[in-house]
Amino acid sequence: MGMNAISLIPMFPLLSAALLMLSTGRMPRQLAAWLGAGSVGLSALCVALVANDFLADGQVRELTLWTWMAVDNFTPRIAFYVDGLTVVMMSVITGVGFLIHLYSVEFMWEDESFCRYFAYMNLFVAAMLLLVMADNLLLLYLGWEGVGVCSYLLVGFWYRDPANGRAARKAFVVTRVGDTAMALGLFLLFTELGTLDIQPLMAAANDQWQVGDTLPVLATALLLGGAVGKSAQLPLHTWLPDAMAGPTPVSALIHAATMVTAGVYLIARNYELFLLAPPTMEAVAWVGVATLLLAAFTALAQHDIKRILAYSTISQIGYMFLALGVGAFASGIFHLMTHAFFKALLFLAAGAVIHCLHHEHNIFRMGGLRTRLPVVFWSFLIGSAALAALPFTSGFYSKDAILLSAWELPHIGPWLWAGGLLGALLTGIYSFRLVFIVFFGEAQTEPDKQPGWRMAGPLALLCLLSIVGGWFALPLAGVFGPGGHGEIDHTVEYISIGTPLLGLLLAYLMFLGRQVSIEGLVQSPTGRGLKDFWFSGWRIDSLYDILWVRPFTALARWWRNEPVDRLYNAIVSASRSGHRALLTLQTGELRWYATSMVVGLVLLLAIMLRNAS
Amino acid sequence: MSAADFLAVAPLLVLAGAATLLMMQIAFLRNVTLTAVLAACGLGLAALSCIPAIDQGTVQVTPLLLMDALGLLFCALFALAAAVTVLLSLDYMRCHGDEPEEYFLLLVLSTLGACVLACANHLASLLLGLELMSIALYALIAYPNRSLLPLEAASKYLVLSGAASATILFGFAILYAATGSLAFPELGARLLALPANDPMLLVGAAMVFAGLAFKLSVVPFHLWTPDVYAGAPAPITGFLASVGKAAVLLVLLRLFIDADLFRYRILVELTGLMAILSMLAGNLLALLQTNIKRMLAYSSIAHIGYLLIVFMVSLDEGSRSLAIEAAAYYLVAYTATTIAAFGLLTLISARQAERENVELHHVSGLFWSSPLLAGLMLVALLSLAGIPLTAGFIGKFYIFSAAVSGQNWILLGALIIGSAIGIYYYLRVVYYMSRRPEEHHAPPGTNGGLMVGSVSCVLIAAILLLGTLPQSLMAYLRSIL
């Protein structure tokens, strides 16, 4: 049973995506909704079965569906590897995925491309499952590219607006930079170690390489490039805020809960390889800290509700990278899970606000929604509490674990910890700034409808998960070895508990109570400059524009009629003239054909005899 | 001959029996549907009888035939391909207003010739099989008697193929004069005793090789191909391009292996040279061709070029088994794909009433008017182009890795250049199919027939299956070689 269920998990959404695509949009909405949400629900059930089996005996399950071909020693296989890490990832993907699909039924009901939406979403779920279940890096890469394509399709879902198309293209191109690095990493691993199957690969790496060798550092750095691109970390994070152009449930599923955490998964899955490369590990930690601070500052200055959440996602993934970098892999995955719960909750709640408020995105045109949309308010409040890591929410447990692990690291540990702590303070401020501005104060826009059960149900369940998610004991000890902290310094713990509360207090003083006037600060030249600087995301987009995009397009324009092109044109014209020359032989005359045979035979004999003597 | 021998040659006996039965049926009761059904049943039975025959293991039946698993596998393949051709032809001939009873008889005979070739182990059986296949094909090509094009094609093929057969026979005579033997293994053993650069032997081997190269339409013996392919009725073109070529290539491979002609390095190097020329010339000739049948004819020259690579790879003893495995896989994939492509072309031309030669602009908008047909054609073309997840890709990848293991870089270069050119003209058809239909374009009729449609679907499914799950066939080939 267990084995069959494993192969069924990615099959349901894949099949449903195929059916939805083949229907070419002619399927009735009701059926498409059942198929789209139901297939993910079914695979969530299968995951529950598999997880149940797994928790009972803790056995790793391996399943080879088929070997594509075996030519020499190249044997790409479709094979799954299910251990504790996979079980956690699958549960998050199908569980949160199902709730988001259910929510989408109501959210997208009016959309003319209802079928297309569910086809892409199901395809995404299938590809993401493939990514986390793959037992070799080649299959993982297939899933990796699959989710990339789905992300592209869904960001540009409303393709009639060229801006959305641009955003989709940007997401695709920027992540492609990382993917290229990752592909190079895979090539390197295959040529050096002769396999891409993850477990034998780890064993071979441990056999052949010493800690700190150049090759593992190079390989992991290339893999890190892929992870940084997919997970929107510095310096490849610029695509994620623009990716908010897609429908909000898409942002919840792909750009918050699952796909963007694929980089975290990649590093965790190959952690033994990363342990061989301490410099890369340190880089991972610093990337995490730098990203989480940069994104948190940026989130402070935004006024688009989805962009704030997007920057907070970047910042939270920064925490996960910090955890991986300090070697606390289990804490990183723990935070991945709790983040999936509360960030999906926040996005879905934001979607409900947007849905009920005539597609309004600007938080300064909202306000006073606390009494008008009570369900959404409570969801948002709980989600923000978890995001800010207030005590007893799920985010608190996971973030606390990360900060403690950072603190325990010798030498650079306290610095990383301090960075994380500053980030936690900022998180408290920006998340409650959002709550206070949107839900309190004067009403700016009246909602024209209330969310129905299909939207409220998933919100309620995610609220529950955002609170109790911190109490789950994840079966990760079998994957990363036993964790646990040494002697914990209580002062450190109190500080990390108190910091988010301080953030909440500051947000209250600045944005709700108005005890502290920030007007003067913002109006001053420095304040205004700083605000604009943060609002633009530290001007990184314009920096890249100057550094890469413009030189590249200028180069392309300059080379439009230049040598390389001439070379290709020469190939084309050479082929054409070769075609014409050979065609002159095809006269259609029998006598010429016979002559050519004789000539051919004579030539053949001449060559043979000449070389024989 | 013992009972086991009879069982081993059962496929050939079934085919011969089916031919006799058809002859009698035609004499007593003229009914084209009945003939077609009988022919298809006979061919199906012949394919089925290969299963018990393979179980007999390798059996030498008379000095002429070696019934081994490889030969029998291809017998089954040829019989199935012929059965598909029968189903395609019935519809096609009806559309063209013919009532062709003898046509099916000839097709069964031609298949018998191909099967004899697949199992030939002796120069005499080689010649018998070759002539049986070719002579039936001359008549098949000329069968549609209402237009001049098939007649022209058949006469060209008759004259040139006759000359090629004469060349082959002359070669046999020389070889026999020098060695006194006609059976492949004995021939090889006697050749061993003679000096390797004996001019007499070289001339004999070269003449046999040249004759077979003509049948394979390898450059420089390729000029006849487009004229014959374009003139012949589409199902027969498919048969000629797939079964006709696969059988000859198989026997050539056997001759080289069993008589160990790989010792004559210069001969093998000549096949390498001809492979390069065929890959380049075939693809270049197909490049701007607007007549799809002619385009496929030229592309078949290139495909045989890809296949000839394995001879050069086989020079190295270490890579020989991989090379032969690759050739066998490629032949299976190529036969399935070619039959499917021409079958679909038959359907398209049948739909477009009386239009024998389908031009590119005739398929314009096919994706919109008949999406299923266009979808199937797409798969067949992608397989010919060697795009992943199709049989053609695996076959090409196989040959590619064989060439890599043999380190034949020049051949590899030609393979890559040739494939790159190939993608252009295959995708050009796809491009035309996906264009918006032109307004003045008459909507295609619907006289395609359910049977033909389902046969095409099965073939396409087979191509996709061979592309996604090639492992079982690969493992099987490895086990029998």
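Numbers restart at 1 for each chain; the letters A, B, ... are given by sequence-line order, proteins then strands. What's counted below: heavy atoms across the whole structure, side chains too, no hydrogens, waters or symmetry copies.
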Give me the atom names and distance for the closest heavy-atom approach of A:Met597 to B:Phe221.
O-CE2, 3.5 Å
With respect to chain A, which residue among B:Thr225, B:Leu280, B:Val404, B:Leu285 yields the maximal number of heavy-atom pairs within a distance under 4.5 Å?
B:Leu285
Hey, is CZ on B:Phe400 packed in by over 12 heavy atoms from elsewhere, all under 6.0 Å?
no
I want to check something: taking the side chain as every heavy atom from C-beta on, are A:Leu590 and B:Trp224 in contact at a cut-off of under 4.5 Å?
no
Closest non-hydrogen atom pair between A:Met608 and B:Ile266, with its separation:
SD-CG2, 4.1 Å
Mind ranking A:Gly578, A:Gly588, A:Ala594 by heavy-atom pairs under 4.5 Å with chain B and telling me who comes out on top?
A:Gly588
For the interface with chain A, which of B:Thr468, B:Thr167, B:Leu469 has the highest count of heavy-atom pairs at distances below 4.5 Å?
B:Thr468
Tightest non-hydrogen contact, residues B:Pro220 and A:Gly600, listed as CG-CA, 4.0 Å
With a 4.5 angstrom heavy-atom cut-off, is it the side chain or the backbone of B:Ala213 that approaches chain A, or both, or neither?
neither
Under 4.5 Å from any heavy atom of chain A - which part of B:Leu270
side chain
So does B:Tyr476 have more than 12 non-hydrogen atoms from other groups sitting under 6.0 Å from OH?
yes
What residue in B:Leu473, B:Leu202, B:Ile421 has the most heavy-atom pairs under 4.5 Å with chain A?
B:Leu202
Whether B:Lys156 side chain and A:Tyr593 backbone form a donor-acceptor pair below 3.5 Å:
no
Does any non-hydrogen side-chain atom of A:Val572 lie less than 4.5 Å from one of B:Tyr424?
no
Among B:Ser155, B:Pro470, B:Pro199, the residue with the most heavy-atom pairs under 4.5 Å to chain A is B:Pro470
I'd like to know whether A:Leu582 forms a side chain to side chain contact (heavy atoms under 4.5 Å, CB included) with B:Tyr298, so could you lay out the CA-CA distance, the side-chain angles of the two residues, the decisive distance to 0.1 Å, and finally the verdict.
CA-CA 11 Å; A:Leu582 286 168; B:Tyr298 287 127; over 6 Å; no
Taking C-beta and beyond as the side chain, do B:Met274 and A:Leu604 meet within less than 4.5 Å on heavy atoms?
yes
Sort B:Leu389 into side chain, backbone, both or neither according to what part of it lies under 4.5 angstrom from a heavy atom of chain A.
both
B:Leu267, part contacting chain A, at a heavy-atom distance under 4.5 Å
both
Please look at B:Tyr264 and chain A and tell me whether the side chain, the backbone, both or neither of the residue comes under 4.5 angstrom of a heavy atom of that chain.
neither
Does atom CZ (B:Arg265) have a neighbourhood of more than 12 heavy atoms from anything else shown, all under 6.0 Å?
no
Enter the distance from A:Glu589:CD to B:Asp227:CG here, rounded to the nearest 0.5 Å.
10.5 Å
B:Ala286, B:Ala163, B:Ala475, B:Ala206: which one forms the most heavy-atom pairs within less than 4.5 Å of chain A?
B:Ala206
Any non-hydrogen side-chain atom of A:Gln586 less than 4.5 Å from a side-chain atom of B:His222?
yes
Please examine the side chains of B:Leu284 and A:Ser575, heavy atoms only from C-beta on, and report whether any two atoms are closer than 4.5 Å.
yes
Could you tell me which of B:Val159, B:Leu288, B:Asn283, B:Asp198 has the largest number of non-hydrogen atom pairs under 4.5 Å with chain A?
B:Leu288
